[in-house]
Amino acid sequence: MRIPTATYRIQFNSKFGFNEAKKIINYLDELGISDLYASPIFKARIGSTHGYDIVDPNQLNPELGTQEDFSTLVQQIKQHHMGWLQDIVPNHMAYDSQNQYLMDVLENGVNSVYANYFDIAWNNAIINGFGDSQQPVLAPLLGNFYGASLENGEIKLKYDQHGLSVNYYDLRFPIKLESYAIFLNYNIGKLSKILGRNNPIFVRLLGILYMVKHIPADVTPKERQDQVNFVKGLLWEIYTDNTNIQGFIDENLRIFNGEPGKPDTFNLLDNLLSEQFFRLAFWKVGAEEINYRRFFTINELISLNIENYQVFCHTHALAMKLVKENQITGLRIDHIDGLYNPSQYLQTLRQKTGDTYITVEKILHSGEDLPNHWSIQGTTGYDFLNYLNGIFCQTAKEKEFTQIYWNVTGFRTAYEQLAIDKKHLILERNLAGDVDNLTYILKKIASRHRYGNDFTINGLKRALAEVLTLFPIYRTYTNQNGILPADRRYIQDVIQQAKSHLPLLHHELNFIEKLLLLEYENSLTTEDQEQWLYFVMRLQQYTGPLMAKGVEDTALYVYNRFISLNEVGGNPDNFGISITDFHNFNQHRKNRWLHSMNTTSTHDTKRGEDIRARLNVLSEIPEEWQKQVYAFYEINRVHKTSVSKSLPMPDTNDEYQFYQMLIGAFPFFEHEYSDFCQRIQDYVLKAVREAKVYTAWLRPNATYEQALTKFVAAVLENSDQNQFLQEFLPFQKRVAYYGIFNSLSQTLLKITSPGVPDFYQGTDLWDFSMVDPDNRRPVDFQIRQSHLKVIKKQSQEDILKFVDELLATKEDSRIKLFVIVQALKARKENLTVFQQGDYLPLEAKGKYSDHIIAFARIHSNQTIITIAPRFFTSLIEPGEYPLDIQVWDDTYIHLPPAAPSLWQNTITQQTLYTDKTMLIGEALKHFPVALLKSHD
């Protein structure tokens, strides 16, 4: 198996395709990257900026380049002995006209060749109470109510060589063949008078009508598709051959499309649409009436039945081909928790890919682990991100920060309760239809048992909603092989909590617990047991989306005590972690998930890694932060909009988050200021919509949003009279100064901890990106290539002189790139130590022992020690450097047993002599972090 040394994530799009990637391969190789880590490259919707809205997994995305462009890029990667880690999307595809598989389903219903591809109600393996198996697939894609869209003339019937279709702006849905009879019969008498009933063209049209009206019901999907294509071909032939037929069809189109202002003229089109295999609807309908599974709450992404082996083979054909040909050397699996049976999927994937590096996008709760039986290398690294970030947050200052938050904003809701409340909100507003569907299944099961026969739909729904919202993890993994011991404990704890919240629903909750624990009774038939298991496995698919939307995309934008901790997979209620916890986490990864990814930024993170590094400085200085915040509020009070005395806008909680983001994201250089002001405005608008308190994506509140953007613009006005900036800038620059050193330590720890270090595009320099789409902005690789060239050259000439220059010009980012270059070089040269070596925590002693994170990686007779400082505000003043004995005093670390006395600092290339202990001031004599290799 090829294990990456280090990965670099690229976000491909129409402006950065295969040819653009070719231009940076040499740079990545020189940087020390072993594997290009690619966002989805398969055919997505036209104009996709991320690639997750796939329309055909068996074609390369033409917007990224041609097959030749891709092959040339792969060849160039191989020439540099690099690999290709590919992000693939097994859970969903785009609900879009460009998705020809789905369009076939909408045209042919359950008789489509692809009817079992999508997770639609009629495909359920067990009849689950949803109703008629021919129920049309909901298409909640209209921008207004169906009736209004129809009578406004926005929905139009069209005809071309592909047949009849209903069109709504860019959407084009095919009309089922049976409906052609309605359309062609209209005014056919008039056509017969024009052509004559014996006219060969008219006879051919009648023949087409006959075939349409007599489509056999017992044909196979393939035979039906052949007949559909044959009939369409005949109709197009006479349409293009005869002007009378053309005029007849065009006139019918005009009549069916009605006249705005005359509602009755739309009856024909309305009747035609009413008998389709799809039902056009206002997009808000999807929240309450849904008969297909979506990706989270996104109507435009329809989920797949990837557990079906044929579906797996078809949708993975190209990816597996590229793996087999060694063009792709590793796989990153998107949203593993969305699958019906993740364990089965991974088993099939492993069988198909053999000895291939595989990681999964999986959010782990604190203390949670991946299922041990998964044959993968680990996660994409959110667990590492949150442990790493946590050690730079000063836990001892939690009470002060909580009190500041309470006093300034008045917000006192406990985070745990807030998360539950917001999950309830999402259930009620966004996932109500999905919960209804689960409840119908549950009711059907309950009605088959004497002790569940009296359970009402309402009672079961309330109990089920409570269970879903209380789950502390993304999902459990029960399947036909049973329930995992860890999952059993989660379920039992959740049921106990639910009983305390809903004392009148104990019986319903007891019943749900029996189901979730698969406590089958002897009287259950095989069919009953299958139905129980089906319900459990269905339920498991919804706890993840609920966690993502309720916590990640709602609660994390409301609970603003300290937003550095408000990250994907994080828990802002945990105010940092201890060094011991960090070491224990690393030790576990070394023992079990050695090749899991270490990330600090991704396309999904809420803020860039260097924003968090800056914000963590605040955790050290609550008194100063409080003083500054009160000053900010007082100065900017005049910029608020007052609708009433009780509610000046924006509210204090949104304002508090805004000031933190300003501290973290404010640019180093003045020429970036104008662009930053627009970016921060976009961020705060997204943040308040995600919070769903005063406004939301689904229900925008223009008054509040305008007040907010007006406030931000006034606060950031670039003028000498801006009192806020005069107060803010000195404090922000001080925090940013210390944040630089946090960033350097964070970077080194990522590279040297157990796991595969991953770099998100652009993070090789300072990364002050905000949440997407801000973090998908174009990356200036030219300046990175220029910086790298200088670093390589000057490091070979006089490295200590160059280090002094880097420290003096640290704002330009070269110092971060320098750490990456030197550490990755050491990693590559000592790969066995990092990929197989033991992990030994090193305890610091002395005056500043709590400021040092240190560990050794040991393999055979080779030892490499990482030293990364933290908590710089109590160590140095702005303008000073955390270097030498004068700063570190008597602080030292104990060396591993049998450690040598001679070491080389791979960052600065300096030699260090020791004797059982190592003085931090000696190790950090020239540079703020150290990576020490035992000297041969």
Side-chain angles (χ1 to χ4, degrees), residues 119-133 135 288-293 340-341 420 423-424 426-428 431-471 475-483 487-546:
D119 200 346
I120 300 169
W122 70 50
N123 287 344
N124 288 340
I126 297 173
I127 296 173
N128 53 35
F130 287 137
D132 186 356
S133 63
Q135 182 184 11
E288 298 188 20
E289 294 181 14
I290 195 76
N291 61 356
Y292 66 91
R293 187 169 58 87
Y340 182 71
N341 193 340
I420 293 171
K423 287 205 272 185
H424 269 299
I426 295 299
L427 275 184
E428 293 166 5
L431 293 172
D434 301 287
V435 177
D436 283 344
N437 294 340
L438 284 173
T439 305
Y440 293 147
I441 304 172
L442 181 57
K443 173 64 176 174
K444 188 174 182 66
I445 294 172
S447 66
R448 296 170 68 98
H449 300 272
R450 67 184 67 164
Y451 45 80
N453 198 50
D454 292 334
F455 294 159
T456 65
I457 281 284
N458 185 54
L460 288 173
K461 184 176 180 179
R462 289 176 59 206
L464 191 57
E466 195 66 23
V467 169
L468 288 168
T469 56
L470 289 173
F471 256 92
R475 69 165 285 167
T476 52
Y477 298 97
T478 301
N479 59 22
Q480 67 278 4
N481 296 320
I483 182 171
D487 290 346
R488 178 180 296 276
R489 291 191 293 272
Y490 284 122
I491 291 167
Q492 291 171 335
D493 289 346
V494 164
I495 295 295
Q496 284 302 115
Q497 290 182 62
K499 286 179 179 178
S500 67
H501 293 177
L502 299 174
L504 299 181
L505 295 176
H506 273 218
H507 294 296
E508 288 84 348
L509 289 166
N510 283 334
F511 183 70
I512 291 173
E513 183 176 29
K514 285 175 67 70
L515 292 180
L516 295 181
L517 295 178
L518 298 182
E519 294 178 348
Y520 299 129
E521 299 168 357
N522 294 332
S523 60
L524 288 182
T525 65
T526 300
E527 180 185 350
D528 287 337
Q529 292 184 21
E530 289 177 350
Q531 201 168 46
W532 278 36
L533 180 61
Y534 176 77
F535 168 76
V536 173
M537 294 178 71
R538 269 297 186 197
L539 180 144
Q540 291 176 140
Q541 288 180 286
Y542 287 99
T543 51
L546 183 56

Participant: Write down the atom of Asp434, the atom of Ile290, and the distance for their closest heavy-atom approach.
Facilitator: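 Closest approach of Asp434 to Ile290: OD1-CG2, 3.4 Å.
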Participant: Any non-hydrogen side-chain atom of Asp528 less than 4.5 Å from a side-chain atom of Glu521?
Facilitator: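 No. Closest side-chain heavy atoms not under 4.5 Å.
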Participant: Are the side chain of Lys499 and the backbone N or O of Asn510 linked by a donor-acceptor pair below 3.5 Å?
Facilitator: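 No, the answer is negative, given that no donor and acceptor are paired below the 3.5 Å cut-off.
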Participant: Kindly give the heavy-atom pair with the smallest separation between Arg538 and Tyr340, and that separation in Å.
Facilitator: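 Here Arg538 and Tyr340 meet closest at N-CE1, 4.1 Å.
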Participant: Any side-chain hydrogen bond (donor to acceptor under 3.5 Å, both in side chains) involving residues 455-465? Give me the pairs, sequence neighbours left out, ordered by first then second residue.
Facilitator: Asp436-Lys461
Participant: Between Leu470 and His501, is a side chain to side chain contact (heavy atoms under 4.5 Å, CB included) present by the stated rule, with each step listed?
Facilitator: CA-CA 10 Å; Leu470 289 173; His501 293 177; 3.7 Å; yes
Participant: To the closest 0.5 Å, what do you measure between CG (Leu460) and CG (Leu438)?
Facilitator: 11.5 Å
Participant: Nearest 0.5 Å, please: how far is CZ in Phe535 from CD1 in Ile445?
Facilitator: 6.0 Å
Participant: Among Gln531, Glu530, His449, which residue satisfies the side-chain contact (heavy atoms from CB on, under 4.5 Å) criterion with Leu524?
Facilitator: His449
Participant: Restricting to non-hydrogen atoms, name the atom on Tyr534 and the atom on Ile441 that form the minimum distance, rounded to 0.1 Å.
Facilitator: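 In this case the closest contact between Tyr534 and Ile441 is CE2-CD1, 3.9 Å.
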Participant: What do you reckon, is CD of Glu288 surrounded by more than 12 foreign heavy atoms closer than 6.0 Å?
Facilitator: no
Participant: Look up atom CG in Leu539 and atom OG1 in Thr478, then write down how far apart they are to the nearest 0.5 Å.
Facilitator: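 Going from the CG atom of Leu539 to the OG1 atom of Thr478 covers 9.5 Å.
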Participant: For a quick check under 3.5 Å, do Gln540 and Asn479 share a side-chain donor-acceptor pair by atom type?
Facilitator: no
Participant: Could you check Thr476 against Phe471 for side chain to side chain contact (heavy atoms under 4.5 Å, CB included), going step by step and ending with a plain yes or no?
Facilitator: CA-CA 9 Å; Thr476 52; Phe471 256 92; 3.7 Å; yes
Participant: Is atom NE2 of His506 surrounded by more than 12 heavy atoms (other residues, nucleotides or ligands) closer than 6.0 Å?
Facilitator: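 Enclosed.
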Participant: Any chance you could measure Asn437, atom CG, to Leu431, atom CG, to the nearest 0.5 Å?
Facilitator: 11.0 Å
Participant: To check you understand the geometry: which heavy-atom pair defines the closest contact between Leu516 and Ile483, and what is its length?
Facilitator: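 Looking at all heavy atoms of both residues, the shortest contact is O-CD1, 3.7 Å.
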Participant: Supply the atom-to-atom distance Arg488 CZ to Gln492 CD, rounded to the nearest 0.5 angstrom.
Facilitator: 6.0 Å
Participant: Write down the atom of Lys423, the atom of Leu468, and the distance for their closest heavy-atom approach.
Facilitator: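 Taking Lys423 first and Leu468 second, the nearest heavy atoms are NZ-O, 4.0 Å.
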Participant: Between Phe511 and Trp532, how do the two ring planes meet: parallel, tilted or perpendicular, split at 30° and 60°?
Facilitator: perpendicular
Participant: Assess whether side chain to side chain contact (heavy atoms under 4.5 Å, CB included) is satisfied between Gln541 and Asp119, documenting all intermediate values.
Facilitator: CA-CA 12 Å; Gln541 288 180 286; Asp119 200 346; 4.3 Å; yes
Participant: Would you say the side chain of Leu533 lies within less than 4.5 Å of the side chain of Tyr520, judging by non-hydrogen atoms?
Facilitator: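 The answer is yes, as the side chains (C-beta and beyond) meet within the 4.5 Å cut-off.
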Participant: Any idea which heavy atoms bring Ala463 and Leu505 closest together, and the distance?
Facilitator: N-CD1, 4.0 Å
Participant: Determine whether Gln529 and Leu518 make a side-chain contact, defined as any pair of heavy atoms from C-beta on separated by less than 4.5 Å.
Facilitator: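 Heavy-atom side-chain distance check fails, nothing below 4.5 Å.
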Participant: For the residue pair His507 and Tyr451, establish whether any side-chain heavy-atom pair is separated by less than 4.5 Å.
Facilitator: no
Participant: Atom NZ in Lys443, atom CD1 in Ile457: separation rounded to 0.5 Å?
Facilitator: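 If we round to the nearest 0.5 Å, Lys443:NZ and Ile457:CD1 are 6.0 Å apart.
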Participant: Any sub-3.5 Å donor-acceptor pair from Asn291's side-chain atoms to Ala121's backbone N or O?
Facilitator: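 No, because the side chain of Asn291 does not come within donor-acceptor range (under 3.5 Å) of the backbone of Ala121.
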